[in-house]
Engineer: 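Just dropping this structure here.
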Amino acid sequence: MIPVAEVYRALKAAHGPQEWWPAEGAFEIMVGALLVQRTTWRSAETAIAALKTRGLVDPGRLRGADLAVIEACIKSAGFYRTKAARLRNLASFVTGHGGVGALAARPTPELRALLLGLDGVGPETADAILLYAFERRAVVVDAYLRRLGQRLAGGASAPQDIRLRAWVGDGIAEAPDLNEFHALVVAHGKQACRPEPRCGECPIGSRCRTGRKASRSSSGGSG
DNA sequence: CACCAGGGTGGTT
DNA sequence: AACCACCATGGT
């Protein structure tokens, strides 16, 4: 498989700095990480803005907030009943562990285990929080990275998550670069892949085609 | 009308 | 381990 550093350089040259995570502070990033699940960042951002107007992007405030109020604020992000309960639980978790600062003092494996114990936090969200909120070395394995790996495998069976972790984690040393790499993979993956001429502008290579397959295309995309 | 968006959970096979 | 239904809104 092509070294991940080469892919990183190509994506960075093509797309430039992504400046993730667009948020103010670690707790806001955690809130955003839950809100953005299965929705667009735009919808999540609208929800965060509504929470902010009520001063709820704060563990102490959010923990004691009325569930119906939280639901009303975050409705735009979808799954609002589920997410409202998860957000309030997140706030209780943070205050219960002495605040963001106390959590930040914990070693990464321990912190990751704590995050995974939260309702609504799976591997992807946990690693995103570790990477963007706590600036730890973490590899975010999401649908975009899986598709990238599958296509770079070139017809072979899709790499498992653990393989993708090793490929990225062993090839990119610094947390800020892992940060940028993940954002670039998402940015690149969101681009529609033209069936003709085979993603000719793809910075990774002509066989890559990591973009979404163009809608209604007959010959492009998958592969 | 269908499909997708910066997933996770709980249940079934 | 793989697969499934469900959660729910907003944009194309």
Side-chain angles (χ1 to χ4, degrees), chain A residues 8 11 15-23 26 28-51 67-90 93 112-136 138-150 157-165 168 175 178-195 210-218 220-222:
Chain A
Y8 178 42
L11 289 176
H15 299 279
Q18 301 299 304
E19 298 181 0
W20 277 24
W21 193 288
E28 183 176 332
I29 293 174
M30 291 189 252
V31 168
L34 287 180
L35 284 173
V36 78
Q37 290 174 359
R38 293 308 293 176
T39 190
T40 59
W41 175 248
R42 186 180 193 89
S43 294
E45 202 169 25
T46 300
I48 292 173
L51 288 171
L67 205 54
V69 172
I70 302 175
E71 290 178 356
C73 287
I74 70 172
K75 206 177 225 173
S76 64
F79 303 113
Y80 61 90
R81 280 190 285 261
T82 301
K83 288 178 178 177
R86 288 174 178 178
L87 284 179
R88 204 168 66 172
N89 181 66
L90 169 70
F93 166 83
R112 188 173 194 273
L114 284 174
L115 292 171
L116 284 174
L118 281 169
D119 183 28
V121 177
E124 181 173 339
T125 302
D127 286 324
I129 290 173
L130 285 173
L131 181 59
Y132 291 103
F134 293 100
E135 300 174 1
R136 307 300 175 88
V139 179
V140 181
V141 180
D142 62 3
Y144 293 112
L145 182 61
R146 292 190 187 101
R147 187 167 60 203
L148 176 61
Q150 182 173 359
S157 60
Q160 302 236 342
D161 287 3
I162 190 169
R163 301 285 302 174
L164 292 171
R165 278 178 185 291
V168 176
L178 290 169
N179 172 325
E180 194 64 15
F181 176 73
H182 172 237
L184 285 166
V185 168
V186 174
H188 182 65
K190 285 204 281 205
Q191 290 193 321
C193 189
R194 314 288 181 235
T210 51
R212 261 189 305 111
K213 70 182 165 180
S215 60
R216 300 285 181 162
S217 69
S218 56
S222 64

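Keep in mind that this is a model prediction, so the values were computed, not measured. Residue numbers start from 1 in every chain, and the chains themselves are labelled A, B, ... in the order their sequence lines are given, proteins ahead of strands. Excluded from the calculations below are hydrogen atoms, water molecules and symmetry mates; all remaining heavy atoms, backbone and side chain alike, are included.
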Engineer: Would you mind reading off the distance between A:Arg146 atom CZ and B:dA5 atom P, rounded to a whole angstrom?
Structural biologist: 13 Å
Engineer: When the P atoms of B:dA2 and C:dA5 are compared, how many Å lie between them, rounded to an integer?
Structural biologist: 15 Å
Engineer: Let me have a per-nucleotide readout for nucleotides 6-13 of chain B, 5' to 3', with B, S or -, counting only protein heavy atoms under 4.0 Å.
Structural biologist: BBSS----
Engineer: Is a donor on one side and an acceptor on the other found under 3.5 Å between the side chain of A:Arg147 and the backbone of A:Gly189?
Structural biologist: yes
Engineer: Taking the nucleotide of DNA chain C with the closest heavy atom to each, which residue, A:Gln160 or A:Tyr80, is nearer the 5' end?
Structural biologist: A:Gln160
Engineer: Can you measure A:Lys83 atom NZ to C:dT9 atom P for me and round it to whole angstrom units?
Structural biologist: 11 Å
Engineer: Using the P atom in both, what is the distance from B:dG6 to C:dC6, to the nearest Å?
Structural biologist: 24 Å
Engineer: Using atom C1' of each nucleotide, how far apart are B:dA5 and C:dA2 to the nearest Å?
Structural biologist: 24 Å
Engineer: Sub-3.5 Å donor-acceptor pair from the side chain of A:Lys83 to the main-chain atoms of A:Ile74, do we have one?
Structural biologist: no
Engineer: I want to check something: taking the side chain as every heavy atom from C-beta on, are A:Phe93 and A:Leu114 in contact at a cut-off of under 4.5 Å?
Structural biologist: yes
Engineer: Could you go through A:Tyr144 and A:His188, starting from their C-alpha distance and side-chain angles, then the distance that decides it, and tell me whether this counts as side-chain contact (heavy atoms from CB on, under 4.5 Å)?
Structural biologist: CA-CA 9 Å; A:Tyr144 293 112; A:His188 182 65; over 6 Å; no
Engineer: Using atom types as modelled and distance alone, determine if a side-chain donor or acceptor of A:Tyr80 lies under 3.5 Å from a backbone N or O of A:Ala72.
Structural biologist: no
Engineer: Just to verify, what does A:Arg136 make a salt bridge (charged side-chain N to carboxylate O under 4.0 Å, His left out) with, not counting sequence neighbours?
Structural biologist: none
Engineer: With Watson-Crick and G-U wobble geometry limited to distances under 3.5 Å, how should the secondary structure of DNA chain B be encoded in dot-bracket form, using | for bases paired to another strand and [ ] for crossing pairs?
Structural biologist: .||||.|||||||
